[in-house]
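Worksheet: one structure, shown below.
The basis for the numbers below is simple: all heavy atoms, side chains too, and nothing from hydrogens, waters or symmetry mates. So that the names make sense, note that chain A is the first sequence line, chain B the second, and so on, each numbered from 1.
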Number of protein chains: 2
Amino acid sequence: MELENVTDEATPAPRRRYDDACGTALALEFVGERRALLIIRELLLGPRRFGELRAGLRGLSANVLTQRLQSLEASGVLTRETLPPPANVQVYALTPWGKEAEPIVMALGRWALRSPAHDPSRPFSPVSLMLALRMMLLPDRARGFTATIGFRMGKEGYTAQIDKDRVLLDRSALDRADAVLTGDPNAFLPALFGTTPLPDLVARGRVTVDGDLALATEFCTFFALPPKIG
Amino acid sequence: MELENVTDEATPAPRRRYDDACGTALALEFVGERRALLIIRELLLGPRRFGELRAGLRGLSANVLTQRLQSLEASGVLTRETLPPPANVQVYALTPWGKEAEPIVMALGRWALRSPAHDPSRPFSPVSLMLALRMMLLPDRARGFTATIGFRMGKEGYTAQIDKDRVLLDRSALDRADAVLTGDPNAFLPALFGTTPLPDLVARGRVTVDGDLALATEFCTFFALPPKIG
DNA sequence: CTGTATCCGTGTTGATACTG
DNA sequence: CAGTATCAACACGGATACAG
């Protein structure tokens, strides 16, 4: 049947596009490619450099990261900015609209963590650990807590505060923290999301705490993984 | 079989897996493949058959749909059920956990609709139109409205009711509706999300209304697209 | 009609090597 | 450190053909 296979009507049929007016489908055209949402996750706590992104998303090769950054920039999700001298380095930052994707990242995380397939022994990036605090907060338990807790993981430092049912996160303000926990991201998990008291982790040398250990220990009880399905 | 293909070293190298403890990354392993979330969208209002899914997701080939259904079933997102005789047909239904993915679909849609790239002239599936009602409800405007409005699009029928800031959707309960709108999904848009009064659409023959036209017209004013970015 | 299997052209992904 | 180039493996979608 060599009959030419005329393309249905006028549409040139852009093959890899969902031809769908639904907002969800449009969103997937923006952020539906592999790892795109994880790149956004890594940017949710502030601008990052190319190499930092690669570090937070192990296994992502440079060429794919380049492609994603270009396509996310074209969509208006992020911008590429050059810091003024003497820094003079390039960083990638979410646009205001890009930051509004945070509820998507959170909804995905909260949902998937109910699966028994979740394996917290895999590595956490520093950003994803901090976002997990926001994701897993038990507001009733944390209410009224006013101290600032710092986390130092390798070169990265963050502070967390409780503000009305929400966790405020800030990069590199460790000097204002009432207590600073230092360690590998995964080392904190038993205290934050399990039942191990923070001092036990300190005793085992997995974590060190500078400042008010009692405050830090209390802070660690404000979080819990969601109940598993079934 | 030439065995060759020795897996690199200790790591069986699950190449296409994100090796990440973050819940967001895990979610993307479940629903991050192309169209997976759109399949979930099509199932959010009730079980569907293979062919119905293909109809709602034009351009999805049968082989890929088979793969997705298998992988979503393996993840526990949906189940394949055989209706009892005489129907005796197979349908795909979300599990309770799968239904909990609705906030993800909604968050994606609400976010993307703020982009100027959104083109409502593309086709809507009946399901996505009904979900758009839930997504775009202006609760303050709808409060107190108690009537039931039906929508008939081809063979598919749905009813919508307002229930405390939320739109209740039901399939095939048109007989209990106070007014039923009939037409193509896209034909409703000017009245639902634009400023065209419903009677104008009726006058132009794009939509027909059975029952209380005044109630239906009022219902159509309860929705609006989110403000564009910029 | 429902679903699966197979071939094929093309686009996407990721490992490695390479350039400024 | 920041990215590009190249290449092999795989995923996607169209078009079948085929089983119940």
Side-chain angles (χ1 to χ4, degrees), chain A residues 1-8 11-20 25 28-29 31-39 47-73 80-83 86-92 155, chain B residues 4-9 11-20 25 28-29 31-39 47-73 78-83 85-93 155:
Chain A
M1 301 289 293
E2 321 293 344
L3 216 261
E4 245 61 73
N5 184 13
V6 181
T7 52
D8 266 7
T11 329
R15 292 231 338 262
R16 281 189 86 69
R17 239 175 199 169
Y18 313 112
D19 187 25
D20 196 320
L28 292 175
E29 288 181 7
V31 299
E33 297 166 281
R34 269 179 80 72
R35 309 250 202 179
L37 273 167
L38 299 181
I39 292 171
R48 313 231 66 157
R49 304 186 57 177
F50 191 91
E52 296 176 306
L53 290 171
R54 282 200 76 185
L57 284 70
R58 291 150 316 96
L60 173 57
S61 52
N63 51 3
V64 175
L65 179 53
T66 300
Q67 280 178 221
R68 288 294 173 281
L69 291 171
Q70 282 169 354
S71 108
L72 290 171
E73 187 181 12
R80 167 193 312 243
E81 296 169 359
T82 307
L83 297 185
N88 221 1
V89 298
Q90 212 154 221
V91 297
Y92 298 88
K155 306 178 176 173
Chain B
E4 306 322 340
N5 190 9
V6 180
T7 50
D8 262 9
E9 298 292 337
T11 329
R15 289 234 335 264
R16 286 190 80 75
R17 228 164 210 179
Y18 313 113
D19 187 25
D20 197 318
L28 293 174
E29 287 181 8
V31 298
E33 295 166 283
R34 264 178 83 73
R35 309 249 201 178
L37 272 167
L38 299 181
I39 293 172
R48 312 233 66 159
R49 305 187 57 175
F50 192 90
E52 296 176 306
L53 290 172
R54 282 201 77 183
L57 284 69
R58 292 149 314 97
L60 173 57
S61 53
N63 49 6
V64 175
L65 179 54
T66 300
Q67 281 177 220
R68 288 293 174 282
L69 291 171
Q70 284 169 352
S71 108
L72 290 170
E73 186 180 14
L78 57 80
T79 54
R80 166 193 315 244
E81 295 169 359
T82 306
L83 297 185
N88 221 3
V89 299
Q90 209 154 222
V91 296
Y92 299 89
K155 305 178 175 170

Length of the [atom1]-[atom2] vector between [X] and [N], whole Å:
X	N	atom1	atom2	value
B:K155	C:dC1	NZ	C1'	11 Å
A:L38	C:dT13	CG	P	13 Å
A:L53	D:dG3	CG	C1'	13 Å
A:L65	D:dA2	CG	P	10 Å
B:E73	C:dT4	CD	P	9 Å
A:E29	C:dT12	CD	P	12 Å
A:R48	D:dC1	CZ	C1'	15 Å
A:R17	D:dG13	CZ	P	14 Å

Nearest of [options] to any side-chain atom of [X]?
X	options	value
B:Q67	D:dC12, C:dC1, C:dT4	D:dC12
B:R34	C:dT13, D:dG13, C:dT2	D:dG13
A:E33	D:dG3, C:dA15, C:dT13	C:dT13
B:N63	D:dG13, C:dT2, C:dT13	D:dG13
B:R80	D:dG3, D:dC1, C:dT4	C:dT4

[N] phosphate, OP1 or OP2, under 4.0 Å from [X] side-chain N/O:
X	N	value
A:T66	D:dG3	no
B:R35	D:dC12	no
B:Q90	D:dG20	no
A:Y18	D:dC12	no
A:R49	D:dA2	yes

Inset, instruction - For B:R54, answer base if it contacts any base atom (sugar-phosphate contacts may also be present), sugar-phosphate if it contacts only those atoms, and nothing otherwise; contact means non-hydrogen atoms under 4.0 Å. - result: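 Result for B:R54 = nothing.
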
Inset, instruction - Name the nucleic acid region contacted by B:R58, choosing base, sugar-phosphate or nothing; use a 4.0 angstrom heavy-atom cut-off, strictly under. - result: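 If one applies the 4.0 Å heavy-atom cut-off, B:R58 turns out to touch nothing in the nucleic acid.
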
Residue pair [X] / [Y], side-chain heavy-atom distance below 4.5 Å:
X	Y	answer
A:R80	A:Q70	yes
A:L57	A:R35	yes
B:Y92	B:I39	no
A:L38	A:L60	no

Legend entry - N/O donor-acceptor pair under 3.5 Å between B:R68 side chain and B:R34 backbone: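 Judged by distance alone, yes, a pair lies under 3.5 Å.
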
